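Contents: one structure, followed by commentary.
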Amino acid sequence: MPQQSFFIDLHCHPNYKSFARAHTGGKNEKPEHPASTSQPASVWFYDPPTVGDKLLNYFLSITKFRQANLTAAHYANLRVIVIGLGCVEKFFFRNKLGTALIGDLVNDFVAGFRKPRIDAIQNMENYWNDFLLEKDFMEQGHNRVIKMDGQFHTYKIACSFNDLIVHSQENEDLEVGRFPTKPFVTSIIYSSEGLHILNCGLEKPCDSKAVLKNARALKAMTYRPWFVTFSHHFYNELAGHSRSLRKQVGKLTNQEEGLNTGFTPLGLKVLNILLDNKDGKRIFIDVKHLSPQSRKEYYAILDKDYPGEIPVIISHGVCNGMPTHGSFVSDNYDLGKNFINELEYDIVNGVRIEKDYNEINFYDDEILRMVRSGGIMGLQLDERRIANDDALKKVKKSVWKNKIMHYRSELVWRQIQYMAELLDKNGLYAWGNLAIGSDYDGMVDPLNSFWTVEEFDDLMQFVERHAWEYLKKTPHPMQQSQNQITADKIVENFFYKNSWDFFSKWF
């Protein structure tokens with residue numbers, strides 16, 4: 001393990017807005033990653049929130065600023081980032097506002113993508129080609145040295161745990177950053193959010209042979225995703241997805257097709273290709289966004305065909321406070337009541353439908369399975385996921401920044417505490433399988449005052465306060481002796497060590 005600890009994020013998108021800004025609207029264009037860090041198309045482009053940005057986010061949950069650019073990551077000592085490749089599906093932008101100018105302006109305002117990229121997504125006919133362009137865009141900046149604040153920096157795409165070790169050793173050099181030959185290194189690990197990238201889930205039925213060909217091509221890549229989410233926001237002809245879009249965005253979009261279904265025959269073929277390891281190039285599955293039915297089917301496949309071989313990965317998720325799918329009462333009521341969303345109802349095409357926004361989050365039995373498999377969950381730092389509306393309304397208010405941070409960080413601590421108590425109750429180690437999976441720049445609503453990755457150190461300090469207060473209770477809140485550790489060890493595990501240990505075993 002490196003001598004100097006640093007932050008690790010299991011899921012974020014420094015690539016989303018930069019790749020979008022690289023689009024100019026030209027036909028058959030190949031987006032270029034600029035060498036200058038002052039260009040909005042650069043993943044290094046520094047765009048901290050203004051007072052106006054913060055107010056906009058606070059009152060309207062709109063995030064105009066960059067949350068996970070690599071300059072902010074450097075300032076935060078965030079050294080390993082798992083990025084999610086793959087564009088937002090076209091149905092996110094082809095919504096009830098239509099594709100006319102007014103729709104584009106609203107979408108641009110919310111997502112910061114600008115009109116040329118939105119037009120490209122709205123008119124998308126080949127997700128696979130777009131994925132290749134985005135991948136190429138990131139690789140243009142791989143190992144390219146830039147100068148920032150009088151120091152030299154680069155990012156390198158890692159293909160194995162050994163790469164992470166080498167990058168870490170480079171950062172420990174006493175002369176790091178002083179010369180172009182010894183830049184600070186940010187390690188980038190590829191993942192993909194949504195297998196629509198294989199070119200499925202468009203208006204017309206996909207070409208199944210082409211999808212399978214793309215799946216094999218994905219595995220053959222030198223810089224291939226380490227893991228992939230099988231689904232994203234909309235049906236992709238491979239597996240059912242969970243409802244994910246709420247409030248105004250949920251009203252403007254239609255997620256009903258394929259919702260809460262299981263794997264399709266084509267999806268099972270793709271799954272077999274990705275999990276096959278005879279060539280040593282297995283791609284793991286991230287269960288985020290899969291429907292509960294698809295998750296159940298996936299777990300059954302692991303039990304039958306891959307016992308003990310594959311960890312359950314949740315790159316950016318939260319506990320929903322309920323013991324299993326179909327239940328609506330928490331076994332840990334004092335904490336679980338903060339997570340459970342009430343059922344909502346809507347009229348779609350004249351039919352009254354039930355909307356369960358708990359299903360995208362994870363049940364107790366899934367958390368136990370994840371831990372027993374040697375898996376990991378990255379905690380998503382999105383206020384709309386981490387707590388329900390009632391819990392958010394009850395968060396104390398203040399004009400003082402340190403008090404706001406204290407009150408908002410408790411939302412994170414409640415998730416950590418809930419999972420720890422669940423594991424302790426079941427005789428498992430409580431502090432070894434939860435990490436950060438912020439989803440920053442994935443169009444999330446961040447915790448107020450923890451606007452970007454640059455505030456990770458502040459978040460760590462406030463979470464440690466909550467941990468210290470929790471652990472001083474008498475009798476000790478943890479029943480298992482192995483779980484009676486110190487507050488500083490809890491936050492070290494959560495912000496760094498758990499991810500590093502997971503990399504060492506599985507990457």
Side-chain angles (χ1 to χ4, degrees), residues 9 11-47 66-74 80-90 92-93 108 111-146 148 153-159 163 183 185-199 214 217-218 220-226 228-229 232 439-443:
D9 195 334
H11 183 84
C12 62
H13 298 276
N15 48 307
Y16 256 8
K17 290 181 179 177
S18 55
F19 182 58
R21 290 302 183 102
H23 284 70
T24 63
K27 291 185 178 180
N28 302 316
E29 70 173 332
K30 177 182 176 182
E32 298 292 333
H33 192 173
S36 171
T37 62
S38 64
Q39 296 296 314
S42 171
V43 295
W44 297 95
F45 181 69
Y46 187 54
D47 181 30
R66 306 265 180 119
Q67 300 172 294
N69 64 84
L70 298 193
T71 298
H74 170 70
V80 183
I81 303 174
V82 184
I83 70 168
L85 297 173
C87 75
V88 175
E89 300 101 311
K90 65 189 302 179
F92 201 98
F93 292 111
D108 180 29
F113 277 24
R114 296 183 73 232
K115 194 173 187 300
R117 178 57 176 162
I118 292 174
D119 288 344
I121 295 174
Q122 287 174 336
N123 298 308
M124 188 72 63
E125 295 180 352
N126 195 312
Y127 283 130
W128 176 252
N129 287 347
D130 191 74
F131 167 73
L132 295 179
L133 288 174
E134 183 182 15
K135 188 170 175 291
D136 176 75
F137 173 82
M138 286 302 301
E139 284 158 27
Q140 290 174 39
H142 165 70
N143 212 19
R144 176 193 286 168
V145 177
I146 60 97
M148 177 180 64
H153 301 262
T154 191
Y155 68 83
K156 296 182 181 181
I157 302 166
C159 296
D163 287 344
V185 179
T186 299
S187 300
I188 298 293
I189 300 172
Y190 278 169
S191 70
S192 178
E193 188 160 22
L195 282 183
H196 60 286
I197 65 165
L198 300 180
N199 205 29
N214 292 340
L218 191 71
M221 293 174 174
T222 299
Y223 299 121
R224 62 183 174 276
W226 179 30
V228 296
T229 60
H232 201 195
D439 201 19
Y440 276 178
D441 270 332
M443 293 177 287

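In this text the structure is predicted, and so the values were computed from the model without any measurement. Both backbone and side-chain heavy atoms feed into the values below; hydrogens, waters and symmetry mates do not.
The shortest heavy-atom contact between Ile146 and Ala35 is CG2-O, 3.9 Å. Between Gly25 and Pro116, the closest heavy-atom pair is N-CB, 3.7 Å. Scanning all heavy atoms of the two residues, the minimum distance from Met124 to Cys87 falls at CE-SG, 4.1 Å. Taking every heavy atom of both residues into account, Glu134 and Leu85 meet most closely at OE1-C, 3.7 Å.
No donor-acceptor pair under 3.5 Å is formed between the side chain of Thr154 and the backbone N or O of Val185. Formation of a donor-acceptor pair under 3.5 Å by the Ser191 side chain with backbone atoms of Trp226 is not found in this model. Remark: the backbone N or O of Pro40 is paired with a side-chain donor or acceptor of Arg66 at under 3.5 angstrom. Remark: the backbone N or O of Pro31 is paired with a side-chain donor or acceptor of Gln140 at under 3.5 angstrom. A donor-acceptor pair is defined here as one N or O able to donate and one able to accept, closer than 3.5 Å; such a pair exists between the side chain of His23 and the backbone of Phe19.
Between Tyr190 and the options Glu139, Lys135, Arg224, a side chain to side chain donor-acceptor pair (under 3.5 Å) holds for only Glu139. None of Ser18, Ser42, Pro14 except one satisfies the side chain to side chain contact (heavy atoms under 4.5 Å, CB included) rule with Leu70; the exception is Pro14.
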* Asked: Can you list the steps and then say if Leu218 with Trp128 is a side-chain contact (heavy atoms from CB on, under 4.5 Å)?
  -> CA-CA 10 Å; Leu218 191 71; Trp128 176 252; 4.2 Å; yes
* Begin from the C-alpha positions of Cys159 and Tyr223 and carry the test side-chain contact (heavy atoms from CB on, under 4.5 Å) through to its verdict. => CA-CA 6 Å; Cys159 296; Tyr223 299 121; 3.4 Å; yes
* Applying side-chain contact (heavy atoms from CB on, under 4.5 Å), run through His153 and Thr186 and close with a yes or a no. => CA-CA 8 Å; His153 301 262; Thr186 299; over 6 Å; no
* Show your reasoning for whether side-chain contact (heavy atoms from CB on, under 4.5 Å) applies to His11 and Val82. => CA-CA 5 Å; His11 183 84; Val82 184; 5.7 Å; no
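Residues Ile81 and Tyr155 fail the side-chain proximity criterion, which asks for heavy atoms closer than 4.5 Å. Side chains of Asn214 and Asn199 form a contact here, defined as non-hydrogen atoms less than 4.5 Å apart. In this structure the side chain of Thr37 never reaches within 4.5 angstrom of the side chain of Met148, judged on heavy atoms. At a threshold of 4.5 Å between non-hydrogen side-chain atoms, the residues His13 and Met443 do not count as touching. The shortest side-chain heavy-atom distance between Lys156 and Asn143 falls under the 4.5 Å cut-off. For the pair His142 and Ile188, the minimum side-chain heavy-atom distance is 4.5 Å or more. Within the 4.5 Å cutoff, the side chain of Phe45 has no heavy atoms near those of the Asn69 side chain. Annotation: side chain of Ser187 is in contact with side chain of Val80 (closest heavy-atom distance under 4.5 Å).
From Ile189, atom CD1 reaches atom CD1 of Ile83 across 10.0 Å, with rounding to the nearest 0.5 Å. For the atom pair CG (Asp47) and NZ (Lys17), the distance works out to 7.5 Å, reported to the nearest 0.5 Å. Atom CD1 of residue Ile157 and atom CE of residue Met138 lie 6.0 Å apart, to the nearest 0.5 angstrom. In this structure, Ile118 CD1 and Phe93 CZ are separated by 5.0 Å, a value rounded to the nearest 0.5 Å. Atoms CD1 and OH, on Ile197 and Tyr127 in that order, are 12.0 Å from each other to the nearest 0.5 Å. Taken from CG in Asp130 to CZ in Arg117, the straight-line distance is 4.0 Å, to the nearest 0.5 Å.
Other residues, nucleotides and ligands place more than 12 heavy atoms under 6.0 Å from the CD atom of Glu32.
Ring pair His196/His232 is parallel by interplanar angle, where below 30° counts as parallel and above 60° as perpendicular.
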